[in-house]
Colleague: 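Once you've had a glance at the structure underneath, I'll fire off some questions.
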Number of protein chains: 2
Amino acid sequence: MKPTIYDVASKANVSIATVSKVLNSSGRISDETRKRVLKVIEQLNYQPSMMATALTGKSTFTIGLLIPDMANPFFAELTRNIEDRGHELGYNLLICSTDYHPDKEQNYIELLKRKSVDGIILASGFEKTSEVDKLVKEKFPVTIVARDFPSTYVNSVSLDDFQGGYEATSYLIQLGHRQIAVLARNVWSNRERMRGYEKALEDHGLEKYDVFTFVEKSTVEWGKKVATEYLRCGKPLTAIFACNDLLASGAIQAARSRDLHVPNDISIIGFDNTVIATLVDPQLTTMAQPIRAMGREVMDLMVGEIKKEEQSKRRIVLSPTLVKRGSTAELNK
Amino acid sequence: MKPTIYDVASKANVSIATVSKVLNSSGRISDETRKRVLKVIEQLNYQPSMMATALTGKSTFTIGLLIPDMANPFFAELTRNIEDRGHELGYNLLICSTDYHPDKEQNYIELLKRKSVDGIILASGFEKTSEVDKLVKEKFPVTIVARDFPSTYVNSVSLDDFQGGYEATSYLIQLGHRQIAVLARNVWSNRERMRGYEKALEDHGLEKYDVFTFVEKSTVEWGKKVATEYLRCGKPLTAIFACNDLLASGAIQAARSRDLHVPNDISIIGFDNTVIATLVDPQLTTMAQPIRAMGREVMDLMVGEIKKEEQSKRRIVLSPTLVKRGSTAELNK
DNA sequence: TCAGTTAAGTAAAGCGCTTTACCAAATGTC
DNA sequence: GACATTTGGTAAAGCGCTTTACTTAACTGA
């Protein structure tokens, strides 16, 4: 079976303590013995069991990441950047996909802890904060990403979603739009973006568009479905603010199937600036998230927290940027 | 710190053995004691350490998944389906993204093993088979997905990539196309699809399009870049067979930037039938992979292998289906 | 009534590692 | 040459769990 430290020790004619020292380059070992041990390790293709190692209290250089939805390119790209930075820092990433299910969240957090990860990164998605509170209370290293978490006791890096919603909407208003609907999912970030949207309307003395449903999933299909409902209900509508690119793409399809031209008949603005934004026709005007920066920052924060126990927490809030493309245009009167 | 079995035992006035028995519902325990122990477990929010449990040789109900690229919707969707099926069967999924790096592959395989997963699912991507061989030799449960692995000693579920390439190309030929270029990445599945492509040409007495470069990454950008080169080189070209939807989308963009109309001036066919296929304009004609079935089958195979040790291995090969959409049309003479 | 069961629980070994003593031999010091 | 150090290494405890004996105490039945 798998070789253990005993196999190595006996084959190298030393004690397991010696092997362990060679492994961790701790203690004093003569050059000769070290080489002999290393050779045996090589020969047996020995890999110390993390189970056993972790059991003794050493860190595992593994970080868990909980994401709500692999299929959303935003999270895929975020994950990718987190992984990359982790790799640079010598940490491995264990990814768990929760599909926005609170019980899966809890389940996977337990799993990761029981697998002795050094820390857990929680990406957006979760609604209940109780899981986070629990981790914090246990002094388990957690970092939040893509979700503001106004609290002094946990590290986080997030986007200013409110500002994003505000800017996106303001841009549409500035283009002359007055009837602006919104496409959102009932999750924290989207609600923030909607707050921004409402504030923008208010600041310009406009009324909120009063036909509204939350989509159930952040998919193209749902975007199309709900946008179609909006368009069908008869209420005039010249622009749609979609809370992510997937939904925006759905909205484009909806418009098209109603023979509306984007952007001439209707403007559509997205959010995230994922790969999708440049795929659709017309390409999406969208609020870009600094995905790469977010990924790197959150991993840095996480590793920082793991390394030096008692450090003060930081809450990093990044700003979105408007990327103008073809899906929005001035309202033609 | 984290409560251990000892904390539970002493607080419940029993031995740790008793607690363990309650935990695993093994052995004989009076109802009274069981309840008392369970209550304490609840109170302390005790979760047995998987490290310690695994160390004693019990299975962890965790399966590792290695995927090459989260950002490719095909893998994202596949992962999603694997996870879902695992969840149904009571297994957790630990995902690792290798970014097509052989050393990350090896690294993560080691990691997963050291984290005591019960088995590992390897998705496509990997070029070297040595890692697989190693796992097999160690009798470590492995299953391959999205990659045919002609071997009698490992479970796999894959697509008939050759047939896919053959059918896609045949369809183009049937539409009247004679000059067909191919967009592919130098990975196993793509090479198989190309074999199919070549065979189809041959069967119809056509010559292979002899301008060819592999793309370096399966991204829209690379698809666009290489397709642009094809279009610029002057060799007549009426259709492109792209080995995945990402590349096909890039090809559409390339065509558009050269003012070629898709499909009137040039037909483009993709592969995978991911969400992207319906996003782009025109929507992609593409060879659909039964992603959902693949995900479920591979998880079933994996769990089967984990449960009963010495079972014979199965190699499941699924068929692709042609999905006709707007990106292909009859060649207009 | 007493040997034979059964029921309920415990002690202790073992899983593979790290780490803290501790020890013997070699080396240094005056 | 006697003592203090340094070097290179080991024994053993402990990490948190499972599991295999083993021990009581209570329950059978003829």
Side-chain angles (χ1 to χ4, degrees), chain A residues 1-38 40-41 44-62 110-118 138 140, chain B residues 1-38 40-41 44-62 110-118 138 140:
Chain A
M1 201 68 333
K2 251 189 106 184
T4 73
I5 200 171
Y6 290 94
D7 302 326
V8 177
S10 75
K11 189 156 182 190
N13 275 316
V14 292
S15 71
I16 61 162
T18 303
V19 177
S20 176
K21 291 202 169 136
V22 170
L23 244 26
N24 302 289
S25 24
S26 63
R28 358 182 110 285
I29 302 289
S30 73
D31 232 48
E32 193 201 349
T33 319
R34 149 171 293 108
K35 276 187 189 134
R36 185 152 37 91
V37 171
L38 286 175
V40 173
I41 288 178
L44 297 182
N45 186 28
Y46 167 73
Q47 287 279 134
S49 149
M50 248 190 201
M51 304 289 111
T53 308
L55 204 54
T56 68
K58 293 196 46 161
S59 76
T60 59
F61 291 95
T62 314
E110 292 302 345
L111 178 72
L112 288 171
K113 273 169 42 190
R114 296 172 66 191
K115 286 273 175 195
S116 294
V117 296
D118 291 345
E138 297 169 357
F140 194 95
Chain B
M1 205 61 337
K2 251 190 107 184
T4 73
I5 199 172
Y6 289 93
D7 301 326
V8 177
S10 75
K11 189 156 183 192
N13 275 316
V14 292
S15 72
I16 60 162
T18 304
V19 178
S20 176
K21 291 203 171 133
V22 170
L23 245 27
N24 302 289
S25 24
S26 63
R28 352 182 117 285
I29 302 289
S30 73
D31 233 45
E32 193 201 349
T33 319
R34 149 171 294 108
K35 277 185 189 137
R36 184 153 37 94
V37 171
L38 286 175
V40 173
I41 287 178
L44 298 182
N45 185 29
Y46 166 72
Q47 287 281 135
S49 150
M50 252 193 197
M51 303 288 111
T53 308
L55 204 53
T56 69
K58 291 195 49 158
S59 77
T60 59
F61 290 95
T62 314
E110 291 302 345
L111 179 72
L112 288 170
K113 274 170 41 189
R114 296 171 65 190
K115 286 273 176 198
S116 293
V117 295
D118 291 346
E138 296 167 358
F140 195 94

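The basis for the numbers below is simple: all heavy atoms, side chains too, and nothing from hydrogens, waters or symmetry mates. In what follows, chains are A, B, ... by sequence order, proteins preceding strands, each numbered from 1.
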Colleague: Counting only side-chain heavy atoms from C-beta out, which of dC17(C), dC15(D), dG9(D) sits nearest to Lys21(A)?
Modeller: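 Among dC17(C), dC15(D), dG9(D), the one nearest the side chain of Lys21(A) is dG9(D).
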Colleague: Walk me through it: do Leu111(B) and Met50(A) pass the test side chain to side chain contact (heavy atoms under 4.5 Å, CB included)?
Modeller: CA-CA 8 Å; Leu111(B) 179 72; Met50(A) 248 190 201; 3.4 Å; yes
Colleague: Base, sugar-phosphate, or nothing for Thr18(A), non-hydrogen atoms under 4.0 angstrom?
Modeller: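 Answer is base: heavy atoms of Thr18(A) come under 4.0 Å of a base.
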Colleague: I'd like to know if Lys35(A) and Asp31(A) make a salt bridge, using a cut-off of under 4.0 Å between side-chain N and carboxylate O.
Modeller: yes
Colleague: On DNA chain D, compare the nucleotides closest to Tyr6(A) and Asp31(A); which residue's is nearer the 5' end?
Modeller: Asp31(A)
Colleague: Rounded to whole Å, how long is the line connecting atom CG of Asn24(A) with atom C1' of dG16(C)?
Modeller: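 So the two atoms are 13 Å apart, to the nearest Å.
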Colleague: Which nucleotide wins on minimum distance to the side chain of Tyr46(B), given the candidates dC17(C), dT19(C), dC17(D)?
Modeller: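 Shortest atom-to-atom distance from the side chain points to dC17(D).
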Colleague: Of the nucleotides dT18(C), dG16(D), dA11(C), which has the atom closest to the Ala17(B) side chain?
Modeller: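 Selected nucleotide (nearest to the side chain): dA11(C).
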Colleague: Answer with base, sugar-phosphate or nothing: what part of the nucleic acid does Thr33(B) contact at a heavy-atom distance below 4.0 Å?
Modeller: sugar-phosphate
Colleague: Nearest to the side chain of Leu55(B) - dG16(D), dT18(C), dT18(D)?
Modeller: dG16(D)
Colleague: Counting heavy atoms from C-beta on, name the nucleotide in dC17(D), dT10(D), dC17(C) closest to the side chain of Val14(A).
Modeller: dT10(D)
Colleague: On DNA chain C, compare the nucleotides closest to Ser30(B) and Thr56(B); which residue's is nearer the 5' end?
Modeller: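 It is Ser30(B) whose nearest nucleotide is closer to the 5' end.
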Colleague: If I take atom CD1 in residue Ile5(A) and atom C1' in nucleotide dT18(C), what distance separates them, rounded to the nearest angstrom?
Modeller: 8 Å
Colleague: Could you check Val14(A), Asn24(A), Leu38(A), Thr4(A) and say which one makes a side chain to side chain contact (heavy atoms under 4.5 Å, CB included) with Val19(A)?
Modeller: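 Going through the options one by one, the only one that passes is Val14(A).
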Colleague: Of the nucleotides dT18(D), dA11(D), dC17(C), which one has an atom closest to the side chain of Ser15(A)?
Modeller: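 Selected nucleotide: dA11(D).
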Colleague: Rounded to the nearest angstrom, tell me the gap between atom CD1 in Ile29(A) and atom C1' in dT18(C).
Modeller: 13 Å
Colleague: With no hydrogens and no angle check, is any side-chain donor or acceptor of Ser59(B) less than 3.5 Å from a backbone partner on Asp118(B)?
Modeller: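 Here the side-chain-to-backbone pair does not exist.
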Colleague: Calculate the interatomic distance between Ile16(B) atom CD1 and dT10(C) atom C1'; express it in whole Å.
Modeller: 10 Å
Colleague: Taking the minimum atom-to-atom distance to the side chain of Arg28(A), which one of dT7(D), dG16(C), dC17(D) wins?
Modeller: dT7(D)
Colleague: Please report the distance, rounded to the nearest Å, between CZ in Arg34(A) and P in dG8(D).
Modeller: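 These atoms are roughly 10 Å apart.
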Colleague: Need one value for Val19(B): base, sugar-phosphate or nothing, where a base atom within 4.0 Å counts as base even if backbone is also close, heavy atoms only.
Modeller: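 Contact class for Val19(B): none.
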Colleague: Measure from CE on Met51(A) to C1' on dC17(C) and round the result to the nearest Å.
Modeller: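 Distance, rounded to whole Å: 12 Å.
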Colleague: Output yes when a side-chain donor or acceptor of Arg114(A) lies under 3.5 Å from a complementary backbone atom of Gln47(B), and no otherwise.
Modeller: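 The answer is no, because no donor-acceptor pair under 3.5 Å joins these two groups.
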Colleague: Just the rounded figure in Å: distance from C1' of dT19(C) to CG of Leu23(A).
Modeller: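 Going from CG in Leu23(A) over to C1' in dT19(C) covers 14 Å.
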Colleague: Figure out the CD/C1' separation between Glu32(B) and dG9(C), and round it to whole Å.
Modeller: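 The answer, rounded to whole Å, is 13 Å.
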